[in-house]
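Worksheet for the structure shown next.
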Amino acid sequence: MTNQHRATATGFHRGELAVQRQAGVQTQAARLVSMVAGGELRAGTGSFLAKATFAAIAARDGAGRLWTSPLFGPPGFLRVESTTRLLIDTTPRVSDPLRDLPAGQPAGLVVIDFATRRRVRINGILAATSGGLAVDVEQAYGNCPQYIHPRHLSVSAPSGAEDGPETLRGDRLQPQDIAFVHAADTFFLGTTHPESGNDASHRGGPAGFVHAAPDHLWWPDYPGNNMFNSFGNLAIDPTAALLFVDFRSGATLQLSGTATVRWDAGPVGEDTPTGRRVVFAPQQVIAIESAQHSLAAAD
């Protein structure tokens, strides 16, 4: 694959600025520009990361396809080596499409502590290490706890058991995939930008807030921080990747495809609180039943 080059972040890119203008929130977003204008892993962030047991990573596989994958591990699997380097003492699961993800490419992570409803987004360049992976950090910033469903997630070290079978669904969702989506109150969205790299973000809502059919999914856009990082990426490149996780079993549903923001989704209401929705068309669908880690979650 051809590795992308990620320019040093100096603020919002043109896609983010264009979406902020269209949404009429330029003034509110401008107050937050320092959050995305480069970053480092400070002491408070390091303490948070050291306790984390879950992250989602957005990156490309060896064929150049974007995926969003889960990273599970006991506390300490994320370690701050310096203010600009994060060590990840694990790799994606054996059956995961990012199992052998190439180093030297942009990667986006979102790390969440569901119990405290705290999350941190980290973007940078992926590097390989002897024990796992590392990210040379270019952006690191927190997001508000809005839409994070509290749950207590306990993850042990890998058990030695293989993952459950990987099932490639082609470009359509099967009935069991649709049921998986409709039961979810959380998913993770990966997007990309030709200069600013890959980004992973969290989406949450009531169970069933993501609507699924065999050939597409859609979800409402809820009010947020007005930075529109994901929407800004989609305005430039529609490539997107979704990750749904069953936090009780570790089973996952991963979709790679394209996403479009619909600004005229209908009058503001329960299903369209901002009048916007996102429509996603899958190109590849992978389901994995996981047994590699011991995972326990309680809402």
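Residue numbers run from 1 in the order of the sequence given.
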Are [X] and [Y] side-chain neighbours, meaning at least one heavy-atom pair lies under 4.5 Å?
X    : Y    : answer
R60  : L98  : no
L78  : V111 : yes
D246 : F180 : yes
I178 : P214 : yes
F188 : I112 : yes
D136 : T84  : no
L255 : Q284 : no
L41  : L49  : yes

Of all heavy-atom pairs between [X] and [Y], which one has the smallest distance, and what is that distance?
X    : Y    : answer
A23  : R276 : CB-NH1, 4.2 Å
L109 : A55  : CD2-CB, 4.4 Å
P273 : P220 : CD-CB, 3.8 Å
Q146 : G224 : OE1-CA, 4.4 Å
G46  : V80  : CA-CG2, 3.6 Å
E40  : A140 : O-CB, 4.0 Å

Please round to the nearest 0.5 Å and tell me the distance separating atom [atom1] of [X] and atom [atom2] of [Y].
X    : Y    : atom1 : atom2 : result
L133 : L101 : CG    : CG    : 5.5 Å
D113 : I148 : CG    : CD1   : 9.0 Å
L71  : D89  : CG    : CG    : 11.5 Å
T45  : I122 : OG1   : CD1   : 7.5 Å
D237 : L66  : CG    : CG    : 8.5 Å
R14  : H193 : CZ    : NE2   : 6.0 Å

Can you confirm whether the side chains of [X] and [Y] place a donor and an acceptor under 3.5 Å from each other?
X    : Y    : value
T260 : R262 : no
Q139 : N123 : yes
T252 : R93  : yes

Are [Y] and [X] connected into the same hydrophobic cluster when the rule is that any two of I, L, V, M, F, W, Y join if their side-chain heavy atoms are below 4.5 Å apart?
X    : Y    : result
L217 : Y147 : yes
L126 : L87  : no
I236 : F228 : no
V279 : F244 : no
W218 : L189 : no

Exercise for the section: Take R119 and Y141 through the side-chain contact (heavy atoms from CB on, under 4.5 Å) test and state the conclusion after the steps. Expected result: CA-CA 9 Å; R119 57 184 159 177; Y141 56 96; over 6 Å; no
Practice task
Take T274 and W263 through the test side-chain contact (heavy atoms from CB on, under 4.5 Å) and record every step on the way to the result.
Solution key: CA-CA 9 Å; T274 63; W263 291 79; over 6 Å; no
Exercise for the section: For side-chain contact (heavy atoms from CB on, under 4.5 Å), just list the numbers for V33 and F12, CA-CA rounded to whole Å, side-chain angles, deciding distance to a tenth of an Å, and then say yes or no. Expected result: CA-CA 7 Å; V33 70; F12 296 120; 3.8 Å; yes
Practice task
Answer yes when R79 and E81 have at least one side-chain N-carboxylate O distance shorter than 4.0 Å, and no when they do not.
Solution key: no
Handout entry: Presence of salt bridge, R277 and D221, under 4.0 angstrom
Key = no
Problem - Stepwise side chain to side chain donor-acceptor pair (under 3.5 Å) test for R121 and S201 - result: CA-CA 7 Å; R121 288 166 74 167; S201 63; 4.6 Å; no
Practice task
Determine, step by step, whether F187 and H202 satisfy the side-chain contact (heavy atoms from CB on, under 4.5 Å) criterion, reporting the C-alpha distance in whole Å, the side-chain angles of both residues, the deciding distance to 0.1 Å, and the verdict.
Solution key: CA-CA 6 Å; F187 76 95; H202 160 275; over 6 Å; no
Problem - Axial cation check for F114 ring with R151, 6.0 Å and 45° limits - result: yes
So, does [X] use its side chain to make a donor-acceptor pair with the main chain of [Y] at under 3.5 Å?
X    : Y    : result
Q20  : A29  : no
D177 : Q174 : yes
H182 : A212 : yes

Fill in the blank from the handout: side-chain hydrogen bond (donor to acceptor under 3.5 Å, both in side chains) pairs touching residues 64-75, sequence neighbours excluded, are D61-W67, R65-S256, R65-Q283, S69-D96, S69-Q254
Handout entry: Full working for side chain to side chain donor-acceptor pair (under 3.5 Å) between N229 and D199
Key = CA-CA 8 Å; N229 305 122; D199 178 79; over 6 Å; no
Practice task
Flag the pair F54 / F77 as yes when their ring centroid distance falls below 6.0 Å, and as no otherwise.
Solution key: no
Handout entry: Audit row: N198, T192, side chain to side chain donor-acceptor pair (under 3.5 Å) steps and yes/no
Key = CA-CA 4 Å; N198 301 324; T192 189; 2.7 Å; yes
